[in-house]
Student: 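Shown below is the structure under consideration.
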Amino acid sequence: FITKTLGALARDLAFSGAAAIALSLLAGWVISRETRRRLVHIKSVLSRVGRGDTEARIKAQWSAGAIASIAALTDETLGRLSVLIASSQNTVQSIAHDLRTPLNRANIKLQEAWDADGAERADKILDAQAELTKLGAIFDTLLRISRIEGTTGSQGFELFDLADLVLDLTEIVAGDIEQKGQHLSFDLPAGSTVFADRRMIFQFLVNLLANAARHTPQGSTITVSAVLRNGKRVLTVSDDGPGIPAKDRGRVLKPFARLDPSRTSQGVGLGLALANAIAVRHGSQLELEDANPGLVVQVALSIAPPNLTKK
């Protein structure tokens, strides 16, 4: 009896084991097939992106699992890539548009110089040289923005007084601004110390002052100030000119963006883009606000190296 019972139990266990193995294999095959189907779909989408379809997305309907997480992350990355590509295309188009003008002018001036003689020829050559100099300045600014955006860390940073920096700046820009019938004022008390790249902040202020002087009428006042706010030194350049509409303030921070749709105004739309790149380099953002009337541009700078700001 015991022998028969043990034999029956062994047969039952063997059958159960075989059934469990079969079910496991079936489940594994189903899961493997579904996993393969999902991976094939992901591969297909990535292939479309590789062929230039930047709008292709996985759009996974799977609610959970590692592959679902990978699909969601891939779609998020593809979205960012699409935005970057669109931005790059717009920038390239803007570059082509803005570089064409000085190139065409230089070409015309050189042709006119070829047909002229004597003093007139020399004048035409100088005009062409001036257009090529503008072209070189555009390339220099683009390279400067690229270098700033590609740099990290605090290399080149130092402690210095903004009041001293502005004093040096005044000797360079004040005369030109006053000649335009505009007034330049400062409100930076001694001891306005910041931890930043001195040369970049100098360039930052030069760009903002030039931009303010270009877009404000005669009789306007341009003010440079600094205040301590929430543990940061907020550097501000403000004016009482026409300002920038709220809907355009984000756009004007991009390279070659200008409010003049005909692009006939002076400048090529790189001043605020360079200033914004400098602000980002310092862990901040360029903030544009309404001065009622006019524009307020400001950036928050650290007042001490990172290891000294927390006590």
Side-chain angles (χ1 to χ4, degrees), residues 18-104 135 138-153 155 247-259 261 263 268-286 288:
I21 292 173
L23 289 174
S24 297
L25 291 174
L26 179 62
W29 177 78
V30 171
I31 293 173
S32 176
R33 182 182 179 184
E34 178 63 16
T35 299
R36 184 177 183 279
R37 185 183 68 81
R38 295 178 181 182
L39 292 176
V40 168
H41 175 61
I42 293 175
K43 179 183 177 182
S44 173
V45 171
L46 293 179
S47 295
R48 287 168 56 194
V49 173
R51 292 193 298 268
D53 183 4
T54 58
E55 298 303 318
R57 299 292 184 272
I58 298 171
K59 297 180 180 178
Q61 302 298 319
W62 323 306
S63 59
I67 295 181
S69 298
I70 292 173
L73 182 59
T74 301
D75 276 351
E76 181 181 350
T77 302
L78 289 176
R80 294 176 181 174
L81 179 63
S82 180
V83 172
L84 288 174
I85 290 175
S87 177
S88 297
Q89 289 174 341
N90 291 335
T91 300
V92 169
Q93 291 173 0
S94 297
I95 290 174
H97 188 288
D98 283 277
L99 297 189
R100 187 185 301 120
T101 300
L103 279 174
N104 287 341
L135 193 62
I138 292 174
F139 279 115
D140 286 343
T141 303
L142 287 172
L143 290 173
R144 192 175 299 119
I145 291 174
S146 179
R147 284 195 296 267
I148 291 172
E149 291 178 341
T151 306
T152 58
Q155 183 178 1
K247 63 182 179 62
D248 294 318
R249 290 174 194 162
R251 181 172 64 85
V252 296
L253 299 181
K254 299 177 181 178
F256 295 104
R258 285 186 281 172
L259 294 179
R263 309 177 82 83
V268 293
L270 289 174
L272 287 177
L274 178 56
N276 186 55
I278 292 173
V280 173
R281 174 72 178 89
H282 287 77
S284 185
Q285 291 286 338
L286 201 64
L288 307 184

Student: What pairs with Q285 under side-chain hydrogen bond (donor to acceptor under 3.5 Å, both in side chains), at least two apart in sequence or on another chain?
Tutor: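 Not a single residue meets the side-chain hydrogen bond (donor to acceptor under 3.5 Å, both in side chains) criterion with Q285.
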Student: What's the spacing between R48 CZ and R57 CZ if we round to 0.5 Å?
Tutor: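 Here the interatomic distance stands at 9.5 Å.
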Student: Measuring from N276:CG to S284:OG, what's the distance to the nearest 0.5 Å?
Tutor: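 If we round to the nearest 0.5 Å, N276:CG and S284:OG are 9.0 Å apart.
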Student: Might you point out which heavy atoms bring L272 and L286 nearest each other, and give the distance in Å?
Tutor: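 Scanning both residues, the minimum pair turns out to be O-CD2, 3.9 Å.
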Student: Restricting to side-chain hydrogen bond (donor to acceptor under 3.5 Å, both in side chains), what partner residues turn up for D75, sequence neighbours left out?
Tutor: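 If we apply the side-chain hydrogen bond (donor to acceptor under 3.5 Å, both in side chains) test to D75, skipping adjacent residues, there are no hits.
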Student: Nearest 0.5 Å, what's the CG-CD1 distance between L73 and I58?
Tutor: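 Between atom CG of L73 and atom CD1 of I58 there are 9.5 Å.
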Student: Could you walk me through whether T74 and L46 pass side-chain contact (heavy atoms from CB on, under 4.5 Å), step by step?
Tutor: CA-CA 9 Å; T74 301; L46 293 179; 3.9 Å; yes
Student: Would a distance-only check, ignoring hydrogens and angles, find a side-chain to backbone donor-acceptor pair under 3.5 Å from S44 to V40?
Tutor: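 Such a contact is absent between S44 side chain and V40 backbone.
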Student: Please name all residues satisfying side chain to side chain contact (heavy atoms under 4.5 Å, CB included) with N104, sequence neighbours left out, ordered by chain then number.
Tutor: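 Testing N104 for side chain to side chain contact (heavy atoms under 4.5 Å, CB included), a comparison that skips the adjacent residues, returns R100.
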